[in-house]
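Both ligands and their constituent atoms are indexed starting at 1 by order of listing. The structure displayed is predicted, hence computed values, not measured ones. Reckoned from all heavy atoms, side chains included, excluding hydrogens, waters and symmetry mates.
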Amino acid sequence: MKKEMVIVIDFGGQYNQLVARRVRECNVYCEIYSYKIELEKIKEMNPKGIILTGGPNSCYEEGAPSYSKELFELGIPVLGLCYGAQLMQFVLGGKVERAAVREYGKTLVSIDNSSELFHNVASETICWMSHFDYISQVAPGFKIVAKTADCPVATAENAEKSLYAIQFHPEVLHTQEGTKMLSNFVYNVCGCTGDWRMDSFVEESIKQIRERVGAGKVLCALSGGVDSSVAAVLLSKAIGNQLTCVFVDHGLLRKNEGDEVEAVFGPEGSYDLNFIRVNAQERFYSKLAAVTEPEKKRKIIGEEFIRVFEEEAKKIGAVDFLVQGTIYPDVVESGLGGESAVIKSHHNVGGLPDCVDFKEIIEPLRNLFKDEVRKVGLELGIPEKLVFRQPFPGPGLGIRIIGEVTEEKVKIVQEADAIYREEIANAGLDRSIGQYFAALTNMRSVGVMGDERTYDYAIALRAVNTIDFMTAEAAEIPWEVLQKVTSRIINEVGHVNRVMYDVTSKPPGTIEFE
Ligand code: XMP
């Protein structure tokens, strides 16, 4: 699977994962490593090319992240981006200085098309710049192949040694021909053939899982989310009913969701695996009775989840492997100061491994980005509805109900949310909005229905657009859609007489409404 690989060396830039993604989009496998990775390890991996990312530091400052000169003498092509470009020049004898003004934003760059990097790129093209320091003098052996009005060295190359330094960010979509430049690097400079495909991933993974598991028993906690679903199907294709999936229905799922998961993975579904659905609604509702504080609710749900899972696991007995749906962004530690490839103990369901008797963990998706996981899901024939599911918090509707959680309130929010989702889909907006859902406020107010006075709940509708879920903007849903959702919710869902749309961004709000 990893015959042909490009590695990204991370200097703490905010776009580090994006670089790897773009390379993979060129069908070349790519992994990210910390700048602390040893040269020996790189030699061992023998990548086809190396890309150095941007970063927040100044390379000439003492203690700034760096790499030894030998990196550039391995005979492996190296592409430095932003900080990586400055570092390459600095280490090889060029000069980097602080500019009087920061160059930031979309910038017109003049390009020398004779460079391999710029093959088929327009001679004037828009690029994304974001830097204070600049390369004031290139290292010996380098020539300048791109510049802007403010930046004398937008790109420098030593074609003979296959070393390239780009001051801007080709990985960012604002750089109009950035993907072409990266593709030129991996194909024309590194000589990659581009054999990384999702179908080869599926095939290879199945082979590897079979070899590793042998006749062993495997346990998977299935949440119905994209990652655990794709992991489960991959495992089931590889080892069939040696796999047992435990799906805990805590009664806080969206409308029909439990049944949908069962329809896909259960006995009537298309996979040959042991599926155990635990209907634990009552247990959860009774534990949550009279609890109003959001953190406390989260804790109760998390703990109860483990308890239920533990009981089921005990019935199954010892297993050899536990499956986790860890994906690449969970693995890569962003920013500086740590090892880049530290495995975060990412427990979707909170500390499961401690309570189950197993020997090893299998994480079949740990090298994939979310969109790649989705591609694998489609490749495996998982229904689109599951593959394109929005993020849904582990504690579920328990944190979309303000105040005490009761069965009645769960029904209200389930119905309202189902109407909202249906209308968003009818309006063709379901793939374009980042995340959207209905929440039940704990507020009741006076209304009038027919001739009668009502005193009922208010539903809050939330919809956000976001890139990384760290920040988010409220989505501008067309007024007619909101009106339709509102009138349907009030007419069709009992005990609701008011619908509100939340226009708060994150920060100061959060995406969830808890
Ligand atoms: P907030 O509300 O913190 O949410 O802005 C950011 C993203 O994280 C999701 N989220 C969770 N996901 N378990 C999860 O698996 C949780 O406990 C949890 N809480 C929030 C949320 O849906 C949003 O996508």
Problem - Note: Lys299-Glu295 ion pair, threshold 4.0 Å (strictly below) - result: no

Fill in the blank from the handout: The answer for which part of Ala472 has a heavy atom under 4.0 Å from ligand 1 is neither

Problem - Distance filter under 4.0 Å to Arg298 heavy atoms, resulting ligand 1 atoms - result: 16 (C), 17 (O), 18 (C), 19 (N), 20 (C)

Output a table of donor-acceptor pairs, distance under 3.5 Å, between side-chain atoms of residues 259-267 and any protein atom two or more places apart or on a different chain; print 'none' if there are none.
| from | atom 1 | to | atom 2 | distance (Å) |
| --- | --- | --- | --- | --- |
| Asp259 | OD1 | Arg277 | NH1 | 2.9 |
| Asp259 | OD1 | Arg277 | NH2 | 3.4 |
| Glu260 | OE2 | Lys385 | NZ | 3.2 |
| Glu262 | OE1 | Arg277 | NH1 | 2.7 |

Practice task
Could you tell me how the ring of Tyr35 sits relative to the ring of Phe11: parallel (under 30°), tilted (30 to 60°) or perpendicular (over 60°)?
Solution key: parallel

Practice task
Examine the proximity of ligand 1 to Glu514 and report which part, side chain or backbone, both or neither, has a heavy atom under 4.0 Å away.
Solution key: neither

Handout entry: Any Gln390 heavy atom less than 4.0 Å to ligand 1
Key = no

Practice task
Would you name the heavy atoms of Arg462 and Tyr420 that are closest together and state the gap between them?
Solution key: O-OH, 3.2 Å

Exercise for the section: Output the distance between atom CZ (Phe437) and atom CZ (Arg421), rounded to the nearest 0.5 Å. Expected result: 12.0 Å

Completion exercise
Looking only at non-hydrogen atoms, the one of Gln435, Arg462, Lys506 nearest atom 6 (C) of ligand 1 is Lys506

Problem - N-O pairing of Asp371 and Arg21 below 4.0 Å - result: yes

Handout entry: Candidate with minimal heavy-atom separation from atom 4 (O) of ligand 1, of Thr466, Ile511, Thr510, Ile301
Key = Ile511

Handout entry: Nitrogen or oxygen atoms of Arg400 and ligand 1 under 3.5 Å apart
Key = no

Exercise for the section: Check each of Gly225, Gly396, Gly509, Gly394 against atom 13 (N) of ligand 1 and report the one with the nearest heavy atom. Expected result: Gly394

Exercise for the section: Say whether Pro391, considering both its backbone and side-chain N or O atoms, lies within less than 3.5 Å of an N or O atom on ligand 1. Expected result: no

Handout entry: Cationic tip of Arg498 above Tyr457 ring, under 6.0 Å, 45° of axis
Key = no

Problem - Check: Phe392 N/O within less than 3.5 Å of ligand 1 N/O - result: no

